[in-house]
2 protein chains.
Amino acid sequence: MTTLLEQRLTDHRIKPTAMRLLVLEYLLSRQSALGLSDIEKAMAPADRITIYRTLKTFEQNGLVHLIDDGTGVHKYALCDNCDPAEHHDTHVHFYCTVCKETYCLPDTKIPDIGLPAGFILSEMNLIVKGHCDKCRL
Amino acid sequence: MTTLLEQRLTDHRIKPTAMRLLVLEYLLSRQSALGLSDIEKAMAPADRITIYRTLKTFEQNGLVHLIDDGTGVHKYALCDNCDPAEHHDTHVHFYCTVCKETYCLPDTKIPDIGLPAGFILSEMNLIVKGHCDKCRL
DNA sequence: AAAATATTTGCAATGCAATTGCATTTTTAT
DNA sequence: ATAAAAATGCAATTGCATTGCAAATATTTT
């Protein structure tokens, strides 16, 4: 018998090991994007490197996407509707300067940009900073 | 007698030292955004830390702006029309995945984004990746 | 002009996060 | 059961930003 968690991994051709199930479960339990250190703390005393490679595997198989939120730390968040093979998460990410959480805004698409002549676009990253709804004054 | 380079520094309340003039001159000679290591190589054997602090001074005085182009390395570029006191360079930056250069697109503004209810915007960073006009096939 | 003060510079050192090498353990295939 | 492949854990490295502190330089005051 396979659980839903296991299913989610195998759907992305990821073998469901104990560590991977734990990391996936933790990602599901949180709604914001997490850094390696965040996950490491929650998984203590599991090995940092193993978690790192777990996330890398997830990322390469279209289960999570890697976010550069401008803090200099890589953040990981579950993909909503990416192909198992290819990412297409062109949504905006929001960094709250109060609670320091990074959120995906899956419904906010990046608008088209007019580039100068001769420039060819392959990807875009838009990160918005401010106060999130929970941290409003 | 003061040169144009000196003038540009003093306009931003920066004392024109030899190092600062050299760094400013180099920034002017290049049209793309540069990382600390780029500048360090060009200034060799000048001290890396001194250049770092020179750029920090420039940044704090509105002469250059700091760019996060997603490579994980800070890039610096001369401000076009920022106040000496306050930056307002809300333009898009372009990272060419071929030549690895980062360009300011001063005429391409970041469009307004509709945020979810309760989210308050304070700043935005949009970085576009692709091929620049020189690296087109 | 000399002394006192402030600023700039250069070296050493630290800190933090990403990443790789390699040996060990575990899983999968023959 | 044995061989091959994959996953794990530890140690170590790398790269970059950043700070502390002392020496050098420039500025101000007496």
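Quick note on labels: first sequence line is chain A, next is B, and so on, each numbered from 1.
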Per-pair distances, 0.1 Å, donor-acceptor, side chain in residues 117-137 of chain A, under 3.5 Å, sequence neighbours excluded:
unit_1: S122(A); atom_1: OG; unit_2: K129(B); atom_2: O; d: 3.2
unit_1: N125(A); atom_1: ND2; unit_2: D68(A); atom_2: O; d: 3.4

Donor-acceptor contacts under 3.5 Å from residues 16-23 of chain A side chains, at least two apart:
unit_1: T17(A); atom_1: OG1; unit_2: R20(A); atom_2: N; d: 3.3
unit_1: R20(A); atom_1: NH1; unit_2: K15(A); atom_2: O; d: 3.0

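V98(B) shares a hydrophobic cluster with no other residue; no ILVMFWY side chain has heavy atoms under 4.5 Å from its own.
Taking each heavy atom of E101(B) and S32(B) in turn, the nearest pair found is OE1-OG, 2.5 Å. When all heavy atoms of H65(A) and I67(A) are compared, the closest pair comes out as CD2-CG1, 3.6 Å. Nearest heavy atom pair, residue K109(A) against residue I113(B), reads O-CD1, 4.4 Å. Taking every heavy atom of both residues into account, L105(B) and H91(B) meet most closely at O-CB, 3.3 Å. Among all heavy-atom pairs drawn from L115(A) and F94(B), the shortest one is CD1-CE1, 4.0 Å.
D69(B) CG to C96(B) SG: the interatomic distance, rounded to the nearest 0.5 Å, is 11.5 Å. Note that the CG atom of L34(B) and the CD1 atom of I51(B) stand 11.5 Å from one another [nearest 0.5 Å].
Listed by residue number, there are no residues of residues 25-34 of chain B with a heavy-atom contact under 4.0 Å to DNA chain C.
L21(B) places its CG atom 13 Å from the P atom of dT8(C), with the value rounded to the nearest Å. One interatomic measurement links the two molecules: CG of D68(B) to C1' of dC16(D), which rounds to 13 Å at whole-angstrom precision. Distance D38(B) CG to dG15(D) P: 15 Å, rounded to the nearest Å. Here dA4(D) presents its C1' atom at 11 Å from NZ of K15(A), a figure rounded to the nearest Å. Between L9(B) atom CG and dT8(C) atom P the separation is 12 Å, expressed in whole Å. To the nearest angstrom, P of dT9(C) lies 13 Å from CE of M43(B). Rounded to a whole Å, the CE atom of M19(A) is 14 Å from the P atom of dT27(C). Atom CD1 in I51(B) sits roughly 12 Å away from atom P in dA17(D) (whole-Å rounding).
In this structure, the helix from dA1(C)-dT30(D) to dT30(C)-dA1(D) shows an angle of 20° between the axis at its start and the axis at its end, each fitted on 5 base pairs and rounded to 10°.
If you check dT9(C), dT27(D), dT8(D) against the side chain of T17(B), the one that comes closest is dT9(C).
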Q. With the sugar-phosphate defined as primed atoms, P, OP1 and OP2, and the base as all remaining atoms, what B/S/- string results for nucleotides 11-20 of chain C, 5' to 3', for protein heavy atoms under 4.0 Å?
A. BB----SSBB

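Side-chain atoms of R48(B) and Y52(B) include no donor-acceptor pair closer than 3.5 Å.
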